[in-house]
Engineer: 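Mind having a look at this structure? Questions to follow.
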Amino acid sequence: MNKTETVTIYPAKNITGGVSLPGDKSISHRYAMLAGIAEGTTKLKNFSSAADCASTLSCMEALGCAVRRTGGEVEIDGAARKLRAPAAVLDCGNSGSTMRMLSGMVAAQEFASELTGDDSLRKRPMKRIMDPLRQMGAEIEAKGEGDRPPLRITGRKLKGMTYKMPLASAQVKSCVLFAGLFAEGETTVEETVATRDHTEQALRAFGVTVKREKGRATVAGGQRLKSIEAYVPGDISSATFFLCAAGIFAGSNVVFDSVLLNPTRAALLDVMTQMGMKLNFLKVEEQFGELIGTVQAQAAGLKGATIKGGLTAALIDELPALAAIAPYTREGIEIRDAKELRVKESDRIAAVAENLRRMGATVEEFEDGLRVPGGQKLHGAEIETYGDHRIAMAFSVAALRAEGETKIVGSEAVAVSYPEFFETLERMVER
Ligand code: S3P
């Protein structure tokens, strides 16, 4: 991140209107990477405007794929499985997805590469991908302390394997399946807790045969990928902030156009419904295995919720926003089994607890989560984003119902996933 910027959020009465969301970040990463190893030119519409996805595109360019971009329209010329040795270190910026998933692809190429990132990414754990890649025969070294980036990867011939994931991570699953495309024989990933399945869907979209059984996905090495033309569904993790904002004002009415409704990503919609939000689904369709639709959200006061186990994994990116609005719910929100939140772009458990307290809330912090009692009144405060986009957006939402103004210090972080966030929020709030 460059300079620290501050945005001031003033209390609001309501939130209304339509939102056109940037393309889903998770799907944009996967389509861009698979396009890079496919045959032919992939044409994508509504590609994510996130800085994270721009990092993926520039890495693919550095690996020899021509990329042409005009706003949300992106064309990528595929390298037909043979990427080119990068002339410089691959900069993944703030993006854990870029580093972890791309590692699987470059591990089997005929060259060495180095992947690095910003201060936040260089603090994130990489053992989770190094272990399975090494088991497949990869040569991979972490140059940072304690298996932290930069990663130095020397391309090797890989062998397929069956990998039982010790943690719930779609990035790890994707890394291993991507490596499996280049490995000898079959590669299977087993998960005990279901994670987002965009990689499995995207592989099929590009013509790869993926065998899917309960808790398992298998690919055979050596398969050819064919380019696609696709529209990237709106990012449901970005929609979350407006959904939560709508949830805390009785008269809110928000419509999300063409938003991703993949069941492995849409758990928030179930949770919000159980909490008392009224959701109407219009025009639901399927594109390349991904459900997409229009959703109208109307609030009428939120009850509380307990989020634990598999639900925590399904909601992992949505938890900061949910926790930030928890004081405004009737019974409050308890989140458990969420240790992974401590190794995201920031320690999101600590960041949420700290900022809620700055706003005057009572919070109980656990090693694996938080309990935030309901029925609390918050006041404006200075919010520390810790350079984390989701913390910046979550507390911009909490600020809408606080008394007095709130300063989001480090507001520029929103560009990591949603550069248009503040503009869109400003257009939708009624004061
Ligand atoms: C992502 C998976 C999740 C999520 C991240 C995006 C993905 O990370 O938090 O924002 O696109 O696969 P983990 O795989 O570390 O759980």
Side-chain angles (χ1 to χ4, degrees), residues 22-34 47-48 50-53 55-56 92-105 117 120-121 123-132 147-149 163 165-178 189 191-203 217 232-233 235-241 260 262 264-268 290 307 309-322 335 337-349 351 368 388-391 393-394 413-414 416-418:
D24 187 70
K25 186 157 84 71
S26 291
I27 295 178
S28 296
H29 282 305
R30 287 159 172 82
Y31 282 179
M33 289 181 201
L34 292 176
F47 188 83
S48 169
D52 270 7
C53 297
S55 295
T56 288
C92 304
N94 190 250
S95 175
S97 297
T98 307
M99 182 171 287
R100 294 189 179 130
M101 299 199 289
L102 206 52
S103 293
M105 262 184 200
S120 154
L121 185 52
K123 289 194 194 98
R124 297 185 65 188
M126 292 297 148
K127 186 172 178 325
R128 56 187 62 197
I129 57 151
M130 292 167 64
D131 284 347
D147 292 327
R148 299 311 199 253
Y163 187 64
M165 286 204 295
L167 75 173
S169 166
Q171 291 175 355
V172 173
K173 173 171 66 177
S174 307
C175 169
V176 176
L177 290 175
F178 284 177
V189 179
E191 52 184 13
T192 42
V193 177
T195 63
R196 62 192 73 191
D197 69 355
H198 305 305
T199 291
E200 296 89 317
Q201 303 294 359
L203 282 167
V232 183
D235 195 323
I236 189 163
S237 298
S238 298
T240 292
F241 300 101
L260 176 70
N262 176 324
T264 65
R265 283 289 298 289
L268 181 75
E290 298 288 359
I307 292 154
L311 186 57
T312 297
L315 280 173
I316 198 73
D317 293 336
E318 284 65 70
L319 295 175
L322 265 180
I335 297 168
D337 305 315
K339 251 196 177 143
E340 271 294 303
L341 283 183
R342 294 208 180 267
V343 290
K344 292 291 178 188
E345 288 83 327
S346 70
D347 175 344
R348 287 183 173 161
I349 294 178
D368 72 338
D388 185 332
H389 53 127
R390 297 206 199 278
I391 298 298
M393 294 186 277
V414 304
V416 162
S417 64
Y418 196 178

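Every number for a ligand or one of its atoms is a count from 1 in the order of the listing. FYI, the numbering just counts along the sequence from 1.
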Engineer: Who's the nearest protein heavy-atom neighbour of atom 10 (O) of ligand 1, and how far?
Structural biologist: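 Its nearest protein heavy-atom neighbour is Asp317 OD2, 2.9 Å.
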
Engineer: Purely on distance, is any nitrogen or oxygen of Arg390 under 3.5 Å from one on ligand 1?
Structural biologist: no

Engineer: Given side chains that start at C-beta, do those of Val176 and Met165 come closer than 4.5 Å, heavy atoms only?
Structural biologist: no

Engineer: Output the list of atoms in ligand 1 that are nearer than 4.0 Å to some heavy atom of Ala170, sorted by atom number.
Structural biologist: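 Those atoms are 12 (O), 14 (O).
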
Engineer: Identify, by atom number and element, the atoms of ligand 1 in contact range of Ser169, meaning under 4.0 Å from any of its heavy atoms.
Structural biologist: 13 (P), 14 (O), 15 (O), 16 (O)

Engineer: Could you check whether Arg196 and Ser26, counting side-chain N and O atoms only, form a donor-acceptor pair closer than 3.5 Å?
Structural biologist: yes

Engineer: Looking at Ile316, which atoms of ligand 1 are within less than 4.0 Å of one of its heavy atoms?
Structural biologist: 9 (O)

Engineer: In this structure, does ligand 1 have an atom that sits under 4.0 Å from one of the heavy atoms of Ser174?
Structural biologist: no

Engineer: Within the 4.5 Å heavy-atom criterion, are Leu167 and Glu340 side-chain neighbours or not?
Structural biologist: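 Touching, per the 4.5 Å side-chain cut-off.
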
Engineer: Which residue is it: Leu102, Val189, Ile129? I am looking for the one with a side-chain contact (heavy atoms from CB on, under 4.5 Å) to Cys175.
Structural biologist: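 One option only clears the test, and that one is Ile129.
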
Engineer: Should one rank Arg196, His389, Lys25 by closest heavy-atom distance to atom 6 (C) of ligand 1, which comes out on top?
Structural biologist: Arg196

Engineer: Would you check, one step at a time, whether the test side chain to side chain contact (heavy atoms under 4.5 Å, CB included) holds for Asp235 with Leu260?
Structural biologist: CA-CA 6 Å; Asp235 195 323; Leu260 176 70; over 6 Å; no

Engineer: Hey, which atoms in ligand 1 end up nearer than 4.0 Å to a heavy atom of Lys344?
Structural biologist: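 Under 4.0 Å from Lys344, ligand 1 has these atoms: 3 (C), 4 (C), 8 (O), 9 (O), 13 (P), 15 (O), 16 (O).
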
Engineer: Which of the atoms in ligand 1, numbered in the order shown and given with their element, are less than 4.0 Å from a heavy-atom of Arg100?
Structural biologist: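 Listed by number with element: 15 (O).
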
Engineer: State, with a plain yes or no, whether a side-chain heavy atom of Asp52 is found less than 4.5 Å away from one of Asn94.
Structural biologist: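 Contact flag for Asp52/Asn94 side chains = yes.
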
Engineer: Does even one non-hydrogen atom of Arg30 get within less than 4.0 Å of ligand 1?
Structural biologist: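 Yes, Arg30 has heavy atoms under 4.0 Å from ligand 1.
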
Engineer: I'd like to know if Glu191 and Lys173 make a salt bridge, using a cut-off of under 4.0 Å between side-chain N and carboxylate O.
Structural biologist: yes

